Number of protein chains: 2
Amino acid sequence: MTSFKEKKVISIGIVSELTGLTLRKIRYYEERGLLAPGRTEKGVRKYSFADVETLMKIAEKREEGVQTAEIKEKLTKESNRRKIRDEMIKGQINAQFRMRK
Amino acid sequence: MTSFKEKKVISIGIVSELTGLTLRKIRYYEERGLLAPGRTEKGVRKYSFADVETLMKIAEKREEGVQTAEIKEKLTKESNRRKIRDEMIKGQINAQFRMRK
DNA sequence: CGTGTAAGGAATTCTGACACG
DNA sequence: CGTGTAAGGAATTCTGACACG
């Protein structure tokens with residue numbers, strides 16, 4: 001269910017290596033609301049592989065000169081689409097169960 | 001190819017939370033050769049989700065009183081089986097390619 | 001707006017060793 | 001054998017701010 005890809009377990013230094021982004025940039029994109037890493041009790045940021053992928057998309061867009069505000073919109077829309085899709089799948093599964101009764 | 005699950009990106013503190021094992025135990029199992037985390041250039045240990053799963057298996061066995069040496073054997077055998085299986089799959093895929101030519 | 005950097009402090013991890021057994 | 005712990009040091013991360021623009 002909560003797959004590996006979504007688990008917030010990677011610290012920012014490793015994320016930096018994985019994405020090629022500086023710590024400053026990674027923190028800034030969070031500040032601007034483009035992604036939401038987890039935090040340990042002591043306040044240390046933790047990222048998932050999904051976050052790393054998001055950051056790679058952000059990096060591409062930034063290279064194209066796209067501003068963070070626009071990127072944020074695009075990301076929000078994408079996550080909404082994902083949400084709707086997942087709900088539809090859930091609905092289908094539930095429908096299947098009802099059929100079988 | 002190099003899937004998320006195998007990537008060495010998790011630090012020992014998080015692994016401890018994920019597995020319920022103390023840092024001491026996690027390091028000791030490594031010392032005994034039951035698993036091989038990666039290291040950053042500075043020497044900080046980094047684990048994969050696969051390592052985390054291995055540690056959970058180790059924890060179970062230890063609770064049953066199995067010694068680390070025995071657990072190590074079992075793990076080695078398992079990884080050999082995995083290796084053989086993967087090679088067979090690779091062989092099959094190659095065979096498919098040859099058929100198509 | 002987006003990013004770099006120096007600053008001071010806090011949290012994390014590392015190793016080798018002693019302890020118990 | 002397997003694990004805890006205290007010890008000292010090194011590496012990592014955090015925040016807020018100044019800089020440039």
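We name chains A, B, ... by the order of the sequence lines, and we start the count at 1 in each one. The structure presented is a predicted model; accordingly, all values stated were derived computationally and were not measured.
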Integer-rounded Å distance: dC14(D) P and L23(A) CG: 8 Å
Residue-phosphate contact under 4.0 Å: Y28(A) side-chain N/O, dG4(C) OP1/OP2: no
Check: K46(A) and P37(A) side chains under 4.5 Å, non-hydrogen atoms: no
Side chain of R24(B) - closest among dT3(C), dC14(C), dA17(C): dA17(C)
Rounded interatomic separation in angstrom, taking CD1 from I26(B) and P from dT12(C): 14 Å
Nucleotide dT12(D), atom C1' - distance to CD1 of I14(B) in whole Å: 13 Å
Lys/Arg N to Asp/Glu carboxylate O, R39(A) vs E30(A), below 4.0 Å: yes
S16(A) side-chain N/O to L21(A) backbone N/O, donor-acceptor pair under 3.5 Å: yes
Phosphate OP1/OP2 of dG2(C) contacted by Y29(A) side-chain N/O (<4.0 Å): no
Closest nucleotide among dC14(C), dT3(D), dT12(D) to the T40(B) side chain: dT12(D)
Donor-acceptor contact below 3.5 Å, side chain D51(A) vs main chain S48(A): yes
Side-chain donor or acceptor of K8(B) paired with backbone N/O of A36(B) under 3.5 Å: yes
Atom-to-atom span, CD1 of I10(A) to P of dT12(C) - whole angstrom: 18 Å
Protein-nucleotide distance (R32(B), atom CZ; dT3(D), atom P), rounded to Å: 11 Å
Salt bridge (Lys or Arg N to Asp or Glu O under 4.0 Å) assessment of K61(A) paired with E70(A): CA-CA 9 Å; K61(A) 287 293 173 189; E70(A) 283 188 57; over 6 Å; no
Between F4(A) and F4(B), ring centroids under 6.0 Å: no
Protein-nucleotides 6-8 of chain C N/O pairs under 3.5 Å:
none

Residue R27(A), side-chain heavy atoms: nucleotide from dG4(C), dT15(D), dT3(D) that is nearest: dT15(D)
Dot-bracket encoding of pairs in DNA chain D, which uses [ ] for pseudoknotted crossings and | for another strand, Watson-Crick or G-U under 3.5 angstrom: .||||.||.|.|.||.||||.
Length of the line joining K25(A):NZ and dT5(C):C1', which is rounded to integer Å: 14 Å
side-chain N/O T22(B) vs dT3(D) OP1/OP2, d < 4.0 Å: no
Residue I12(A), side-chain heavy atoms: nucleotide from dT13(D), dT13(C), dG2(D) that is nearest: dT13(D)
Qualifying residue, where the test is salt bridge (Lys or Arg N to Asp or Glu O under 4.0 Å) with E78(A) and the options are K83(A), R85(A), K57(A): K57(A)
Residue-phosphate contact under 4.0 Å: S11(B) side-chain N/O, dT12(C) OP1/OP2: no
Check: V66(B) main-chain N/O paired with R62(B) side-chain donor or acceptor under 3.5 Å: yes
L34(A) vs Y28(A) side-chain heavy atoms within contact, under 4.5 Å: no
Salt bridge K5(A)-E53(A), side-chain N to carboxylate O under 4.0 Å: yes
For DNA chain D, the residues among residues 41-77 of chain A that have a non-hydrogen atom under 4.0 Å from it: G43(A), V44(A), R45(A)
Distance in angstrom units between L21(B) CG and dG2(D) C1', rounded: 13 Å
Side-chain donor/acceptor of R27(A) to backbone N/O of E31(A), under 3.5 Å: no
